[in-house]
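A short write-up of the structure that comes next.
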Amino acid sequence: MRLDIHAHLWSTEYLDLLQSFGVREVAEYRQLGAGRTESELSARFALLDAAHIDMQVLSATPLSPHFEDEKTAVDAARRVNDEYAELVQLYPDRFRAIASLPLPHIDASLRELERAFTQLGMLGACITTSVLGLSIANPLFEPLYQELDRRHSVLAIHPAGRGALSPLITDYQLTWSIGAPVEDSVAAMHFILNGIPQRFPGMKVIVPHLGGLLPMALERIDQTVAWEAPGTPEKPSRAARRMWYDTVGHDHVPALQAAVATFGAERLLFGTDFPFQPGALFHTTVDYIRRSGLPEQQIAAILDRNAAELFGLADR
């Protein structure tokens with residue numbers, strides 16, 4: 001079963017709601033073909049068929065319902081989660097979904113997570129690499145991780161689109177080109193330095209974009225934390241191999257090969273980042289794995305087995 005674990009959908013209604021709450025980035029998401037109109041869904045399904053992709057796991061990141069005001073955050077989270085649950089009901093052979101949460105309001109988020117699991121049939125939760133400027137390794141979020149750990153469920157991380165809060169990234173039009181993998185790397189390292197993968201082994205953490213910089217830097221990190229962060233609970237390379245990584249690598253075979261060599265093929269999950277590689281580029285999300293030079297058994301696992309097994313859909 002070919003399961004795309006990195007796919008987005010934002011309805012016009014949800015975008016309108018976020019805009020009414022003051023989210024300024026909404027406009028750039030309106031023309032991507034990632035809505036729920038009949039024409040947009042038909043075009044999406046045609047792309048999936050052409051790439052032999054069976055199903056997508058939908059997530060609303062980076063347009064997450066993260067607001068200072070709790071009621072605003074709860075209203076937005078319930079709206080997008082209800083929409084996703086309805087889509088899964090309408091298209092059960094095409095979609096599954098993971099829940100968005102009204103962070104940083106942890107009690108409200110735990111209530112919404114419970115609703116998402118027990119009433120909406122969600123497969124996990126998603127979170128951005130930072131939440132209103134807070135590190136996702138902040139102790140505030142640990143009750144959420146405890147609950148996901150208890151449920152042996154998924155936490156999918158996605159860049160917040162904030163350039164790791166660095167003006168040297170955001171002020172120079174680098175927010176998504178290099179800012180996104182930097183955010184992935186920083187969030188993963190915050191988890192590692194705080195021992196989160198070790199302390200919550202039942203929580204299945206997914207880091208996007210092949211783990212950002214980790215495949216290239218993990219040996220350097222192992223050597224450096226010995227003196228820079230001596231309180232790190234375990235060797236970073238060991239902690240990194242407790243997590244999973246999606247294959248969104250923008251057709252760059254050397255990056256995929258480095259991720260396999262670093263984490264192991266069994267830790268890679270197929271993802272497309274729909275709708276951000278449109279048209280012909282969408283097919284490269286599959287094709288670059290096929291022409292990677294990896295052993296056929298590893299290619300088959302990455303494309304058609306690992307993700308379905310992680311999400312408990314392998315016997316569907």
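Computation of the quantities below employed the complete heavy-atom set of this structure, encompassing side-chain atoms and omitting hydrogens, waters and symmetry-equivalent molecules. Here the structure is a predicted model, which means the values were calculated and not measured.
Shown here for Leu63 and Tyr29, the closest heavy-atom pair between the two residues is CD1-CG, 3.7 Å. Taking every heavy atom of both residues into account, Gly195 and Pro233 meet most closely at CA-CG, 3.6 Å. Taking all atoms of both residues into account, the shortest heavy-atom contact from His158 to Pro208 is CA-CG, 4.2 Å. Heavy-atom minimum distance, Ala265 versus Asn306: O-ND2, 2.9 Å. In this structure, Ala77 and Pro65 approach most closely via the heavy-atom pair N-CB, 3.5 Å. Considering all non-hydrogen atoms of both residues, Thr175 and Gly161 come closest at CG2-O, 3.4 Å.
With hydrogens and angles disregarded, a donor-acceptor distance shorter than 3.5 Å links the side chain of Asp54 to the backbone of Arg2. A distance-only check finds no donor-acceptor pair linking the side chain of Thr247 to the backbone of Leu256 [under 3.5 Å]. Listed for the Asn194 side chain is no donor-acceptor partner under 3.5 Å among the backbone atoms of Ile196. Using modelled atom types, no side-chain atom of His209 and backbone atom of Asp184 make a donor-acceptor pair closer than 3.5 Å.
Taken to the nearest 0.5 Å, the CG atom of Leu269 stands 5.5 Å off from the CG atom of Leu310. Considering CG of Leu3 and CG of Leu303, their distance stands at 11.5 Å, rounded to 0.5 Å. The CG atom of Leu155 lies 6.0 Å from the CG atom of Leu148; values are rounded to the nearest 0.5 Å. To the nearest 0.5 Å, the span separating CZ on Arg36 from CH2 on Trp10 amounts to 15.5 Å. For the atom pair OG of Ser100 and CG of Asn81, the computed distance is 5.5 Å after rounding to the nearest 0.5 Å. Distance check: Thr262 OG1 to Gln257 CD gives 11.5 Å after rounding to the nearest 0.5 Å.
At a cut-off of 3.5 Å, with distance as the only test, no side-chain donor of Glu112 or Ser109 sits close to an acceptor on the other residue. Neither side chain, Arg151 nor Gln146, offers a donor N or O lying under 3.5 Å from an acceptor on the other.
Counting only residues at least two apart or in different chains, salt bridge (Lys or Arg N to Asp or Glu O under 4.0 Å) contacts with residues 244-264 comprise Asp251-Arg291. Applying the salt bridge (Lys or Arg N to Asp or Glu O under 4.0 Å) test to residues at least two apart or on different chains, the pairs with a partner in residues 130-143 are Glu142-Arg199. For residues 212-223, no residue pair satisfies the salt bridge (Lys or Arg N to Asp or Glu O under 4.0 Å) rule, not counting sequence neighbours. A ring pair (Phe, Tyr, Trp, His ring centres under 6.0 Å) check over residues 274-301, counting only residues at least two apart or in different chains, returns nothing. The list of salt bridge (Lys or Arg N to Asp or Glu O under 4.0 Å) pairs with a residue in residues 202-211, not counting sequence neighbours, is empty.
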Show me, pair by pair, the donor-acceptor contacts under 3.5 angstrom made by side chains of residues 127-136, not counting sequence neighbours?
unit_1: Thr128; atom_1: OG1; unit_2: His66; atom_2: ND1; d: 3.3
unit_1: Thr128; atom_1: OG1; unit_2: Ser130; atom_2: O; d: 2.7
unit_1: Thr129; atom_1: OG1; unit_2: Ala160; atom_2: N; d: 3.0
unit_1: Ser135; atom_1: OG; unit_2: Ala137; atom_2: N; d: 3.0
unit_1: Ser135; atom_1: OG; unit_2: His190; atom_2: ND1; d: 2.7

Would you give me the side-chain donor-acceptor pairs under 3.5 Å for residues 165-173, sequence neighbours excluded?
unit_1: Ser166; atom_1: OG; unit_2: Leu168; atom_2: N; d: 3.2
unit_1: Thr170; atom_1: OG1; unit_2: Ser166; atom_2: O; d: 3.3

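Residues Pro102 and Phe67 form no side-chain contact, since every pair of their non-hydrogen atoms from C-beta on lies 4.5 Å or further apart. Residues Phe45 and Ser42 have side chains not in contact (no heavy-atom distance under 4.5 Å, counting atoms from C-beta outward). In this structure, the side chains of Thr285 and Val248 stay at 4.5 Å or more apart for every pair of heavy atoms. A heavy-atom distance below 4.5 Å is found between the side chains of Asp273 and His8.
Remark: Asp16 does not engage Arg79 in a salt bridge, criterion side-chain N to carboxylate O under 4.0 Å. A salt bridge links Glu147 with Arg150: the closest approach of a Lys/Arg side-chain nitrogen to an acidic carboxylate oxygen falls below 4.0 angstrom. Ionic pairing of Asp49 and Arg44 is not present here: no N-O contact between side-chain nitrogen and carboxylate oxygen is shorter than 4.0 angstrom. Between Arg305 and Glu266 there is no salt bridge, since no side-chain N of the basic residue sits under 4.0 Å from a carboxylate O of the acidic one.
Not counting sequence neighbours, the partners of Asp4 by the side chain to side chain contact (heavy atoms under 4.5 Å, CB included) test are His6, Ala7, Ile53, Gln56, Phe270, Thr272. Partners of Ser185 by side chain to side chain contact (heavy atoms under 4.5 Å, CB included), not counting sequence neighbours, listed by chain and number: Leu213. When the side chain to side chain contact (heavy atoms under 4.5 Å, CB included) test is applied to Asp149, the partners found at least two apart in sequence or on another chain are Phe200, Pro201, Met203. With sequence neighbours left out, Asp287 forms a side chain to side chain donor-acceptor pair (under 3.5 Å) with no residue at all. The side chain to side chain donor-acceptor pair (under 3.5 Å) test applied to Gln89 returns no partner, not counting sequence neighbours.
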- Output, in order, the C-alpha distance, side-chain angles, deciding distance and verdict of side chain to side chain contact (heavy atoms under 4.5 Å, CB included) for Glu40 and Thr12. CA-CA 12 Å; Glu40 288 172 309; Thr12 298; 5.7 Å; no
Working for side chain to side chain contact (heavy atoms under 4.5 Å, CB included), residues Ile299 and Ser292: CA-CA 8 Å; Ile299 291 172; Ser292 63; 4.2 Å; yes
Exercise for the section: Under the ring pair (Phe, Tyr, Trp, His ring centres under 6.0 Å) rule, what do Phe191 and Tyr145 come out as? Steps first, then yes or no, please. Expected result: CA-CA 11 Å; Phe191 267 23; Tyr145 305 152; 5.3 Å; yes
List the steps, then state whether side chain to side chain contact (heavy atoms under 4.5 Å, CB included) holds for Met243 with Ile206. CA-CA 6 Å; Met243 300 186 286; Ile206 302 174; over 6 Å; no
Carefully, step by step, assess Tyr84 and Phe95 under the rule ring pair (Phe, Tyr, Trp, His ring centres under 6.0 Å). CA-CA 9 Å; Tyr84 278 10; Phe95 292 140; 8.4 Å; no
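Enclosure of atom CD in Glu28 by more than 12 non-hydrogen atoms of other residues, nucleotides or ligands within 6.0 angstrom is indicated. Other residues, nucleotides and ligands contribute only 12 or fewer heavy atoms inside 6.0 Å of the CZ atom of Arg238.
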